[in-house]
Amino acid sequence: MHRLLTAFTETTAATEAAAQGNPLAVDGMLSLILLIMLYGCGIYALYTYFRLRRTCMLFPNKFLYPGGCTAETCVDVDGFIDFVEPRLLLLGIAMIVCGLAYFYYSMILKANFLWADIAALVIPTGVMVWYMFAQRRASKEFW
């Protein structure tokens, strides 16, 4: 029995040591998924901003319209574009900056602070909630 417990302890220690350096371990995989989501959201918001700025007309996009609203039913297209452009730019920049900060924290520093893990979830969520409230206000003003 002692031999079995010793082997189990050695195997567990070796597995934990290997997982700490492996970015594809469970913790590393979750970090990778969070980074992909932050960068994807930021890049899509910036793409939407630049395309809206270039074309100056509404187009099908998931970030652009409030829920249940379509381009055809918009009352003031120019006003909506002026309203949503700076908010899209802030959303995109904030998500990219959050992604860069989290990349630095999790992949380069490889630190493990509870406050940083909480901030990595709360700040992007707060930015998305802010954008949802802005979209809700836009639906009341422009639809």
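Heavy-atom basis, side chains included; hydrogens, waters and symmetry copies ignored.
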Could you tell me which non-hydrogen atom of [X] sits nearest to which non-hydrogen atom of [Y], and how far apart they are?
X    : Y    : answer
T70  : W143 : O-NE1, 2.8 Å
P124 : A119 : CD-O, 3.7 Å
C98  : I123 : SG-CG2, 3.6 Å
V127 : A94  : CG1-CB, 3.9 Å
L52  : M57  : CD1-O, 3.6 Å

Within one Ile-Leu-Val-Met-Phe-Trp-Tyr cluster: [X] and [Y], side-chain cutoff 4.5 Å:
X    : Y    : result
F59  : Y49  : yes
I118 : M95  : no
F133 : L64  : no
W115 : V97  : yes
L35  : I108 : yes

R87 to Y131, cation-pi by 6.0 Å centre distance and 45° axis angle: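 Relative to the ring axis of Y131, which defines the angle, R87 lies outside at least one limit.
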Could you give the distance from [atom1] ([X]) to [atom2] ([Y]), rounded to the nearest 0.5 Å?
X    : Y    : atom1 : atom2 : result
L91  : C41  : CG    : SG    : 5.0 Å
Y102 : L34  : OH    : CG    : 5.5 Å
R137 : M132 : CZ    : CE    : 16.0 Å
T48  : R51  : OG1   : CZ    : 8.5 Å
I43  : I96  : CD1   : CD1   : 4.5 Å
R53  : L88  : CZ    : CG    : 12.0 Å

Quick check: do K62 and Y44 have side-chain heavy atoms less than 4.5 Å from each other?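 Yes - at least one pair of side-chain heavy atoms lies under 4.5 Å apart.
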Are any of the side-chain heavy atoms of F103 and L38 separated by less than 4.5 Å?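 Not touching, per the 4.5 Å side-chain cut-off.
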Any donor-acceptor pair under 3.5 Å from Y65 side chain to A71 backbone: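 The answer is no, because no donor-acceptor pair under 3.5 Å joins these two groups.
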Test your reading of the model: is there a side-chain donor-acceptor pair from E85 to the backbone of F80, 3.5 Å cut-off?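 Checked: no pair found.
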Would V75 and E141 satisfy side-chain contact (heavy atoms from CB on, under 4.5 Å), going step by step from the backbone distance to the final call? CA-CA 9 Å; V75 177; E141 288 183 28; over 6 Å; no
Identify, with sequence neighbours excluded, every residue that meets ring-ring contact (aromatic ring centres under 6.0 Å, His included) alongside F83.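 Scan of F83 (ring-ring contact (aromatic ring centres under 6.0 Å, His included), adjacent residues dropped) gives F142.
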Who are the salt bridge (Lys or Arg N to Asp or Glu O under 4.0 Å) partners of R136, not counting sequence neighbours?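 Applying salt bridge (Lys or Arg N to Asp or Glu O under 4.0 Å) to R136 gives none.
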Give the intermediate values and the outcome of side-chain contact (heavy atoms from CB on, under 4.5 Å) for residues W130 and L90. CA-CA 11 Å; W130 165 79; L90 285 174; 4.1 Å; yes
Is there a donor-acceptor contact under 3.5 Å linking the side chains of N61 and Y47?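 Their side chains do not contain a donor-acceptor pair, so the 3.5 Å distance test is not met.
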